[in-house]
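Data first, discussion second: the structure below is written as structure tokens.
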Amino acid sequence: MGSKRKEIAEEGNKINPHIPSFMSSAPWYIKDNAEIPSLEHQKKWKTEPNYTKTWYDRGKKIHQADKYRPGACQNCGAMTHNAKACVERPRKLGAIWTNKNIAPDEKIECIELDYVGKRDRWNGYDAALYAVHVVERYEAQDEARKKILKDQQLKKLEERRKNNQDGGGGVGDDEEIEDDLRVDEAKVDESRQMDFGKVEKRVRTTGGGSTGTVRNLRIREDTAKYLLNLDVNSAHYDPKTRSMREDPVPDMDPNDKFYAGDNQQRVSGQALEFKQANIYAWEASEKGNNVHLQAAPSQAELLYKNLKANKEKLKAKVEDTIMEKYGNAATVNQLPKELLLGQSEKQVEYDRAGRIVKGEEIAIPKSKYEEDVYLNNHTTVWGSWRNNHRWGYKCCKQLIQNSYCTGASGIEAANAAADFMKANIIPLIT
């Protein structure tokens, strides 16, 4: 690959003879004379843009006026934007009419960020603002809460002391009262965290509607997803996006899992419905329909809902057509509830004599055939009597199944026929 030569570049620097020629020779699109060996093309040859600033003041204000100025925002009164670009909540009467609560002007900068500055999520953030807006507010809340709790405890202490004085209590009772009413800050903090699922309503829309927001999404007792499995070869955790796609504990019982990975959430619930709606929009667009889920989401959702309704109607129509042609075996001979629900969890206790001591007696399931149905005035069923290897009715001793019951006369005729058989036919056979 390399040629053992001593060459000098255009800049006057010597070129290592062991460098391959495809590295020392410049491409044709960089230099006109690419045959001359040089290493300048291996360096950063692109011209750098004029990046003058990589940091900006986020949310800084420069001036706050006392009254409305012509050309300012009609909603808040700031001079650096108009009413259409205003990010404040729309007022009932804008600053142009009330001439009050004029918002300060924003600091407008011409920002030219480099590669790192564009991707810095904390660019322009002042860490000192955290102590002002967060730490001091929570400290003030804690102080107010402790003061209220202390006042409540003092009030209870005075009431109990008054009751003890009326009842003749001593000094030792006062000490026990103070110990009982001493505030345990740890327990108070735990009780305050128990309402993490409380939904508070706040007005956010321009029309004045109220939307619910959950205070906290996860209590502090829950284990974070990246602590479920500390094995480096387990599910990959991305700390920047806080995502873990795979299941960190795949061998655990699904009933005991608190978190099964982000992929489980993508294939269940509303995410699956959105995925199916997106697939429908793609297929409809390929077939020539003007459907786009991102451009017109309401139209795509309505068309997808109509598609599902039409599909259900078509499915029901096909089922009705099949049942109408072949019938429904499930509704022809419906089994009794005793057979369908023959097993139950009802507990019944019996004594030694077989009497029920506790619980209700279990119903004996009946047969699916009709029982105790007497036809043609018979008092017994067919098959209740047998004579000479033939079945018949016991009430009238008839051997024909669909015959009419003759009562006692039938019995006499049957006896006479039996006697005739014994006297005449049986001896002939033997």
**Asked** Ala144: what forms a side chain to side chain contact (heavy atoms under 4.5 Å, CB included) with it, not counting sequence neighbours?
**Response** none

**Item:** Side-chain donor or acceptor of Asp105 paired with backbone N/O of Ala78 under 3.5 Å
**Value:** no

**Message:** So that I know where these two stand, are Trp382 and Tyr393 an aromatic pair - ring centroids less than 6.0 Å apart?
**Reply:** yes

**Complete:** In short, Cys76 meets Cys73 closest at the heavy-atom pair N-SG, 3.6 Å

**Message:** Tyr374: which residues meet the ring pair (Phe, Tyr, Trp, His ring centres under 6.0 Å) condition with it, sequence neighbours left out?
**Reply:** none

**Request:** Find the distance between CG (Asn229) and CE (Met252) and round it off to the nearest 0.5 Å.
**Result:** 9.0 Å

**Request:** Give a yes or no answer on whether the side chain of Asn16 reaches the backbone of Ile19 with a donor-acceptor pair at less than 3.5 Å.
**Result:** no

**Asked** Tell me, do Val357 and Tyr350 make a side-chain contact under 4.5 Å, heavy atoms counted?
**Response** no

Taking distance alone, no hydrogens or angles, what donor-acceptor pairs closer than 3.5 Å link side-chain atoms of residues 91-98 to residues at least two apart or in another chain?
unit_1, atom_1, unit_2, atom_2, d
Arg91, NE, Asn75, O, 3.4
Arg91, NH1, Lys100, O, 3.4
Arg91, NH1, Asn101, O, 3.2
Arg91, NH2, Asn101, O, 2.9
Thr98, OG1, Gly94, O, 3.1

**Asked** Should we say atom CZ of Arg119 is surrounded by more than 12 heavy atoms from elsewhere, each under 6.0 Å from it?
**Response** yes

**Item:** For Pro248 against Gly261, the heavy-atom pair lying closest together
**Value:** CD-N, 4.4 Å

**Residue pairs involving residues 71-83 (criterion salt bridge (charged side-chain N to carboxylate O under 4.0 Å, His left out); sequence neighbours excluded)** = none

**Nearest atoms (heavy-atom pairs only) where Arg121 meets Lys240** = NH2-CG, 2.8 Å

**Partner residues of Tyr125 under the ring pair (Phe, Tyr, Trp, His ring centres under 6.0 Å) criterion, sequence neighbours left out** = Trp122

**Request:** Report yes if the side chains of His236 and Met244 come closer than 4.5 Å at any heavy-atom pair, otherwise no.
**Result:** no

**Request:** Please indicate whether Ile400 has more than 12 foreign heavy atoms, meaning atoms of other residues, nucleotides or ligands, lying under 6.0 Å from its CD1.
**Result:** no

**Item:** Side-chain heavy-atom pair His378, Lys394 within 4.5 angstrom cut-off
**Value:** no

I'd like a table of donor-acceptor pairs (distance under 3.5 Å, sequence neighbours excluded) in which one partner is a side-chain atom from residues 303-317, with atom names and distances.
unit_1, atom_1, unit_2, atom_2, d
Tyr304, OH, Gln276, OE1, 3.3
Asn306, ND2, Leu302, O, 3.2
Asn310, ND2, Asn306, O, 3.1

**Request:** Taking the side chain as every heavy atom from C-beta outward, state whether Asp66 and Ile102 have any pair of such atoms under 4.5 Å apart.
**Result:** no

**Request:** Quick one: which residue pairs count as a salt bridge (charged side-chain N to carboxylate O under 4.0 Å, His left out) with a foot in residues 267-287, not counting sequence neighbours?
**Result:** none

**Item:** Side chain Asn376, main chain Tyr404, donor-acceptor under 3.5 Å
**Value:** no

**Request:** List for me each residue that meets ring pair (Phe, Tyr, Trp, His ring centres under 6.0 Å) alongside Tyr68, sequence neighbours excluded, and say none if there are none.
**Result:** none

**Asked** With no hydrogens and no angle check, is any side-chain donor or acceptor of Ser285 less than 3.5 Å from a backbone partner on Ala281?
**Response** no

**Asked** What pairs with Pro250 under side chain to side chain contact (heavy atoms under 4.5 Å, CB included), at least two apart in sequence or on another chain?
**Response** Asp247

**Request:** Answer yes or no: is there an ion pair linking Lys156 with Asp151, defined by an N-O contact shorter than 4.0 Å?
**Result:** no

**Message:** Checking the side chain of Thr380 only, and the main-chain atoms of Cys395 only, is there a donor and an acceptor separated by less than 3.5 Å?
**Reply:** yes

**His81: ring pair (Phe, Tyr, Trp, His ring centres under 6.0 Å) partners, not counting sequence neighbours** = none

**Fill in**
Interatomic distance, CG@Leu230 vs OG@Ser234, rounded to 0.5 Å, equals 8.0 Å

**Message:** I'd like to know whether CD of Glu301 has more than 12 heavy-atom contacts from other residues, nucleotides or ligands below 6.0 angstrom.
**Reply:** no

**Prompt:** Going by heavy atoms in the side chains, are Phe274 and Leu293 under 4.5 Å from each other?
**Reply:** yes

**Request:** State whether the number of non-hydrogen atoms from other residues, nucleotides or ligands found under 6.0 Å of Asn290 atom CG is greater than 12.
**Result:** no

**Request:** Decide if atom CD of Gln270 counts as having more than 12 heavy atoms of other residues, nucleotides or ligands within a radius under 6.0 Å.
**Result:** no

**Prompt:** For Glu324, what residues pass the side chain to side chain contact (heavy atoms under 4.5 Å, CB included) criterion, not counting sequence neighbours?
**Reply:** none

**Request:** Please name all residues satisfying side chain to side chain contact (heavy atoms under 4.5 Å, CB included) with Arg266, sequence neighbours left out, ordered by chain then number.
**Result:** Arg245, Asp262, Asn263

**Message:** Tell me if a side-chain donor or acceptor on Arg137 pairs with a main-chain N or O of His133 at a distance below 3.5 Å.
**Reply:** yes

**Prompt:** Side chains of Lys155 and Glu158: closer than 4.5 Å at any heavy-atom pair?
**Reply:** no

**Request:** Could you tell me whether the side chain of Asp351 and the main chain of Arg355 form a donor-acceptor pair under 3.5 Å?
**Result:** yes

